[in-house]
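Comments concern the structure below.
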Amino acid sequence: MDLDDELCLCFHVTKRKVVNYLRIERPRSASQLSDCHGAGTGCGWCRNYLKKLFEASRAANTGEADLPTAADYAQQRASYIRSGGGTPPAGATPIE
Ligand code: FES
């Protein structure tokens, strides 16, 4: 996943926004990433990835984490939503 790919497809929050939020705001818990443009507060798909980035930022102060490609990520989210994992809000990136 590149920095300009959307990490939260519900609220169009890019990985770059999350990494910068982690670097600048230094949240104390992963759940505080919801203050970054609502990341993670829609269908819930991205929460595990937000947590990975949060943990990576604490461990190495880099904000890097092993994330799938943007296409794989979107496909996995679509499967998650289709299986009843969450409901995207209006305006979210649609599932394919
Ligand atoms: S992709 Fe982030 S809440 Fe749905």
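For the single chain, residues carry numbers from 1 onward in sequence order. Just so you know, ligand 1 is whichever comes first in the structure, and atom 1 is the first atom listed for that ligand.
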Which residues satisfy the ring-ring contact (aromatic ring centres under 6.0 Å, His included) test with Tyr73, sequence neighbours excluded? Trp45, Tyr49
Nearest 0.5 Å please: distance from the CZ atom of Arg58 over to the CZ atom of Arg28. 8.5 Å
May I ask you to decide whether Lys15 forms a salt bridge with Asp5, counting only side-chain N to carboxylate O separations under 4.0 Å? no
Just verifying a value: how many Å separate Asn48 CG and Glu55 CD, rounded to the nearest 0.5 Å? 9.5 Å
Interatomic distance, Leu7 atom CG to Cys36 atom SG [nearest 0.5 angstrom]: 9.0 Å
Quick one: pull up SG in Cys8 and CG in Leu50 and give me the separation to the nearest 0.5 Å. 7.0 Å
Nearby protein N/O/S atoms (those under 2.8 Å) for atom 4 (Fe) of ligand 1, with water ignored: Cys10 SG, Cys43 SG
